[in-house]
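Notes follow once the structure below has been shown.
Predicted model only: the values in this text are computed from it and were never measured. The analysis underlying the following values was restricted to heavy atoms, covering all of them including side chains, and did not include hydrogens, waters or symmetry mates.
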Amino acid sequence: MKKSLLALAILGAFAGAASAQSSVTIYGRIDTGFTSIDQGGSGRVNGISSGNNSASRIGFKGVEDLGNGLKAEFALENGVNTDDGTGKTGQPFSRQSFVGLNGGFGKVRLGKQNTQVKNMLLDIDTFGATGMVNSVDFINGGGLDQRNPNQVAWLSKDYAGFSGGVAYQFGESDTGTGDNSGYSARLGYKNGPLNVQFGYQNQNKTSVAGVDQDDQTNALIGATYDFGVVKLHGIYGEKNTDAAYNATADDIKIRSALIGVTVPMGASKIRAEYIRNDNKDIDDADSNVWAVSYTYAMSKRTQLYATYVRTSNDDKSNLGIGGPGEGTNGQSASGVALGVQHNF
């Protein structure tokens, strides 16, 4: 009897050690609310929508301690439309799906994951680069790549406030090694209330939908400064697209500026932002974005929100709610959202 108890105790100790070395977490976010959107040409649409304050999702992530400071990690994350229960067709893990190693060298990850420009915007954008006012949809004229498949990425550790990352996306095309490939890089510095980030992305768009296209580059530099009573946000960006990509006779450059504020007030928070897009090569093709939101935290995991966003377009611009091409040339677009967000 004593030997049996001793054996059980030893087995229990080994089981406890094994569970302490590895873990899997299920997490997610449910964001659903009433929306009213007018894209400036087809009338206003009212309904219930998902991801207005932050994209709804469900995910699995895990880590295993391999010893000597080395860990294995993975993430599988799917976007969910919580208004009707659907996800992206054919993409069971539409947001992220990667595996990697984490050690003294930083992190190396393989699979679908954020671009380094997206990681830069997550740090600087007033609205956290998500939801109805996702800066990916608006800055530099909108249409920035958020996440790319077939990536190998390296993320550095923090060195006295400095950190960075680089990523390369394989195009996996038999017409050329560089076709449909891309790369991105980020360099940042955080120290107390100051956060400065730089992001760069080069995306080759060859043979998209059977049309020969070329490179598009996005460069962004931004900073935040937290005074406690108010947090200031600022970004300057530039996008260059080759003539083939735009189906025009000339290359096109768009310069952008973003200014924003976050004002915390106990459980409440007010955010406001303005974006200016200046097309340097096409006359009468500029656009502007104004946005404001109010959130109230009912608990650490649940909050209510109200958001308003409006775009204005010159005659040759169609920036709408959701990005370029969503609006109508020369018309303003607007959107309102009232909802609840719960994290688990």
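- Note on Val136: it clusters hydrophobically with Phe127, by side-chain heavy-atom contacts below 4.5 Å among ILVMFWY residues.
- In Asn68, the CG atom is not crowded: 12 or fewer heavy atoms of neighbouring residues, nucleotides or ligands sit closer than 6.0 Å.
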Verdict with supporting geometry, Leu258 and Thr126, side-chain contact (heavy atoms from CB on, under 4.5 Å): CA-CA 9 Å; Leu258 177 155; Thr126 317; 4.1 Å; yes
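- Under the 6.0 Å distance and 45° angle rule, Lys112 does not count as a cation-pi partner of Phe93.
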side-chain contact (heavy atoms from CB on, under 4.5 Å) between Gln201 and Gln216, worked out: CA-CA 8 Å; Gln201 182 173 335; Gln216 178 187 98; over 6 Å; no
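- Not one N or O on the side chain of Gln39 forms a donor-acceptor pair closer than 3.5 Å with the backbone of Ile37.
- Without hydrogens or angle criteria, Asp158 side chain to Ser163 main chain gives no donor-acceptor distance under 3.5 Å.
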Step-by-step side chain to side chain donor-acceptor pair (under 3.5 Å) determination, Thr115 to Arg186: CA-CA 9 Å; Thr115 68; Arg186 180 192 65 84; over 6 Å; no
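- In terms of heavy-atom proximity, Ala337 sits nearest to Met132 at CB-CE, 3.8 Å.
- Tyr168 contributes atom OH, which lies 12.0 Å from atom OG of Ser184 (distance to the nearest 0.5 angstrom).
- Under the 4.5 Å side-chain criterion, counting only non-hydrogen atoms from C-beta, Thr307 is not in contact with Asn52.
- Side-chain contact annotation: Ser94 with Asn78, donor-acceptor N/O pair under 3.5 Å present.
- Between Leu304 and Val340 the shortest side-chain heavy-atom distance falls below 4.5 Å.
- Grouping the Ile, Leu, Val, Met, Phe, Trp and Tyr side chains by contacts below 4.5 angstrom, directly or via other members, places Val166 with Phe105.
- Contact detail for Ile124 and His233: the closest heavy-atom pair is O-ND1, 2.8 Å.
- Heavy atoms from other residues, nucleotides or ligands lying under 6.0 Å from OH of Tyr274 number more than 12.
- Side-chain atoms of Asn81 never come within 3.5 Å of backbone atoms of Ser50 as a donor-acceptor pair (strictly under, hydrogens ignored).
- Distance CD/Gln197 to OH/Tyr189: 12.0 Å, rounded to 0.5 Å.
- Across all non-hydrogen atoms, the minimal contact from Ile275 to Phe138 is CD1-CB, 3.8 Å.
- Both Val261 and Met265 belong to a single network of hydrophobic side chains, linked directly or stepwise wherever heavy atoms of I, L, V, M, F, W or Y lie under 4.5 Å apart.
- Judged purely by distance below 3.5 Å, without hydrogens or angles, the side chains of Asn202 and Thr217 never pair a donor atom with an acceptor atom.
- Lys118 places a side-chain heavy atom less than 4.5 Å from the side chain of Arg147.
- Of the possible donor and acceptor atoms, one in the side chain of Lys239 sits under 3.5 Å from a partner among the backbone N and O of Gly142.
- Between the Asn277 side chain and the Ser256 main chain, no donor and acceptor come within less than 3.5 Å of each other.
- A heavy-atom distance below 4.5 Å is not found between the side chains of Asn180 and Glu172.
- Between Asp31 atom CG and Gln303 atom CD the span is 8.0 Å, to the nearest 0.5 Å.
- Atom NZ of Lys253 and atom CG of Asp278 lie 11.0 Å apart (nearest 0.5 Å).
- Taking CG of Asp215 as the reference point, atom OG of Ser181 lies at 8.0 Å (rounded to 0.5 Å).
- Between the side chain of Thr311 and the main chain of Leu319, a donor-acceptor pair closer than 3.5 Å is present.
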side-chain contact (heavy atoms from CB on, under 4.5 Å) evaluation trace for Leu101 with Leu66: CA-CA 10 Å; Leu101 295 174; Leu66 302 175; 4.1 Å; yes
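- With a 4.5 Å cut-off on side-chain heavy atoms, Gln169 and Asp145 do not count as touching.
- Two residues are said to be in side-chain contact when any heavy atoms from C-beta on lie closer than 4.5 Å; Asn46 and Thr35 fail this criterion.
- Between Asn140 and Ile254, the closest heavy-atom pair is C-CG2, 4.0 Å.
- Side chain of Arg310 to main chain of Tyr308: no donor-acceptor pair is present (N/O by atom type, distance under 3.5 Å, no hydrogens or angles).
- The closest donor-acceptor contact from the side chain of Ser317 to the backbone of Ser287 lies at 3.5 Å or more, if one exists at all.
- You'll find the side chain of Gln203 reaches within 4.5 Å of the side chain of Asn148, heavy atoms only.
- In this structure, Asn343 contributes its side chain and Arg29 its backbone to no donor-acceptor pair below 3.5 Å.
- With hydrogens and angles ignored, the 3.5 Å screen pairs a side-chain donor or acceptor of Asn134 with a backbone N or O of Ala129.
- Heavy-atom minimum distance, Lys316 versus Ile282: CD-CG2, 3.9 Å.
- Under a hydrophobic clustering in which Ile, Leu, Val, Met, Phe, Trp and Tyr are joined whenever their side-chain heavy atoms come within less than 4.5 Å, directly or via other members, Val196 and Tyr225 fall into the same cluster.
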CA sep, side-chain torsions, deciding dist, call: Asp123, Lys190, salt bridge (charged side-chain N to carboxylate O under 4.0 Å, His left out): CA-CA 10 Å; Asp123 256 16; Lys190 294 181 183 180; 3.0 Å; yes
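- The shortest heavy-atom contact between Pro264 and Gly228 is CG-O, 3.5 Å.
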Verdict with reasoning, Asp286 to Asn288, per side-chain contact (heavy atoms from CB on, under 4.5 Å): CA-CA 7 Å; Asp286 301 337; Asn288 300 279; 5.7 Å; no
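- Listed by chain and number, the residues in a side-chain hydrogen bond (donor to acceptor under 3.5 Å, both in side chains) with Asp283 amount to none (sequence neighbours excluded).
- With contacts defined as side-chain heavy-atom distances shorter than 4.5 Å, the pair Arg109/Glu73 qualifies.
- Connection of Tyr200 to Val152 is established within a shared hydrophobic cluster, with ILVMFWY side chains joined at heavy-atom distances below 4.5 Å, either directly or through further cluster members.
- Between the CD atom of Gln116 and the CG atom of Leu121 there is a distance of 11.5 Å, given to the nearest 0.5 Å.
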Tyr296 vs Tyr294, ring pair (Phe, Tyr, Trp, His ring centres under 6.0 Å): CA-CA, chis, key distance, verdict: CA-CA 7 Å; Tyr296 178 79; Tyr294 170 80; 7.0 Å; no
